[in-house]
Amino acid sequence: MSKTPISTTLLRPAFFDRPADIVARDLLGRTLMRRLDGNRMGLTVTETEAYLGPHDLASHSAHGRTARTEVMYGPAGSFYVYLVYGLHWMLNIVTGPIGYPAAVLIRSAGELEGPGKLGRALAIDESMNGRPALPQSGLWFEEGKRAGSVIATPRIGVDYAGPRWSARKLRFVLRA
DNA sequence: GCAGTGATCATA
DNA sequence: ATGATCACTGCC
């Protein structure tokens with residue numbers, strides 16, 4: 001116990017440099033780590049949604065590059081955080097190459113079911129927007145994958161995207 | 001079923 | 001400057 005392991009279980013930026021649906025699925029069962037007030041907690045990711053890119057009419061990036069969506073055009077592995085309904089901070093992780101605006105919404109982890117509850121419990125706010133998912137940010141992912149079956153369903157709350165895109169099964173849930 | 005809440009974006 | 005919208009939650 002006297003030595004610190006050299007290898008880390010950190011999920012590196014390359015993990016996120018893939019299509020959003022692949023990343024969304026692969027994140028299930030991984031551990032979302034949060035450092036708060038000097039304490040560290042880890043939560044198993046249990047629900048995600050993929051926002052594929054500018055052609056995906058449910059994605060914020062479907063209407064072009066704006067101040068809000070700017071970080072989606074940045075490097076994979078950066079957090080994209082925004083406020084919805086004036087109350088709830090949504091936590092997303094940017095995926096794919098620089099210049100290509102796609103992301104994965106973290107909807108549930110551990111006992112925290114629902115993206116608004118997750119954001120509140122983890123004290124997510126605009127200060128996390130654009131930060132890399134690394135320990136130095138106080139919020140990151142680790143590898144160890146917990147087993148379970150994966151269910152794919154349509155995404156929640158995206159009816160505005162029209163039937164074609166709202167019906168796509170881009171929400172992924174881990175069932176024990 | 002629907003109120004709360006405020007940033008964001010299009011319109012002007 | 002104004003108004004519609006919103007990747008939600010909790011209480012009626």
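Here is how names work: the chains are called A, B, and so on, in the same order as the sequence lines, proteins then strands, and each is numbered from 1. Hydrogens, waters and symmetry mates play no part in the numbers below; they use all other heavy atoms, side chains included.
More than 12 heavy atoms of other residues, nucleotides or ligands shown are found within 6.0 angstrom of CD on A:Glu126.
When the side chains of ILVMFWY residues are joined at heavy-atom separations under 4.5 Å, either directly or via intervening members, A:Val84 and A:Tyr51 end up in a single hydrophobic cluster. By the criterion of side-chain heavy atoms lying less than 4.5 angstrom apart, applied directly or through intervening Ile, Leu, Val, Met, Phe, Trp or Tyr residues, A:Phe16 is not grouped with A:Met33; the two fall into different hydrophobic clusters.
A donor-acceptor contact under 3.5 Å is formed by the side chain of A:Tyr82 with the base of C:dA7.
The minimum heavy-atom distance linking A:Leu27 with A:Phe141 is given by the pair CD2-CD2, 3.9 Å. The heavy-atom pair separating A:Ala58 from A:Arg155 by the smallest distance is CB-NH2, 3.5 Å. Taking every heavy atom of both residues into account, A:Ala102 and A:Ala20 meet most closely at CB-CB, 4.3 Å.
In this structure, A:Arg18 satisfies the cation-pi test against A:Phe15, with its NZ or CZ atom closer than 6.0 Å to the six-membered ring centre and inside 45 degrees of the ring normal. Figure legend: A:Arg25 and A:Phe172 shown without cation-pi pairing, the cationic atom not lying both under 6.0 angstrom from the six-membered ring centre and within 45 degrees of its axis.
Side-chain atoms of A:Thr153 and A:Arg171 include a donor-acceptor pair closer than 3.5 Å.
Remark: P of C:dC8 and CD1 of A:Ile156 are 8 Å apart, rounded to the nearest angstrom. Nucleotide C:dG10 holds its P atom 12 Å from the CD atom of A:Glu113, rounded to whole Å. Put simply, CD on A:Glu126 is 12 Å from C1' on B:dG6, counting in whole angstrom units. Taking atom CG of A:Asn92 as the reference point, atom P of C:dC8 lies 11 Å away to the nearest angstrom. Rounding to whole angstrom units, CZ of residue A:Arg107 and C1' of C:dT9 are separated by 11 Å. The CE-C1' distance, from A:Met90 to B:dT8, rounds to 15 Å in whole Å. What separates CD1 of A:Ile106 from P of C:dA7 is a distance of 17 Å, to the nearest Å. Distance OH (A:Tyr160) to C1' (C:dC8): 12 Å, rounded to an integer number of Å.
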Nucleotide pairing, DNA chain C (Watson-Crick or G-U, distances under 3.5 Å), in dot-bracket with [ ] and |: ||||||.||||.

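Ring geometry for A:His55 against A:Tyr100 counts as tilted: the plane angle lies between 30° and 60°, on a 0 to 90° scale.
Contact check on A:Arg107 versus A:Glu49 returns a salt bridge, with a Lys/Arg side-chain nitrogen under 4.0 Å from an Asp/Glu carboxylate oxygen.
Of the residues in residues 56-74 of chain A, those placing a heavy atom less than 4.0 Å from an atom of DNA chain C are A:Ala58, A:His60, in numerical order. For the segment residues 116-123 of chain A, the set of residues with a heavy atom within less than 4.0 Å of an atom of DNA chain C comprises A:Gly116, A:Lys117, A:Arg120, in numerical order.
In this structure, of C:dA7, C:dT9, B:dG6, it is C:dT9 that holds the atom nearest to the side chain of A:His88.
A stacked arrangement is assigned to A:Tyr51 and the six-membered base ring of C:dA7, with a centre-to-centre distance below 5.5 Å and an interplanar angle below 30°.
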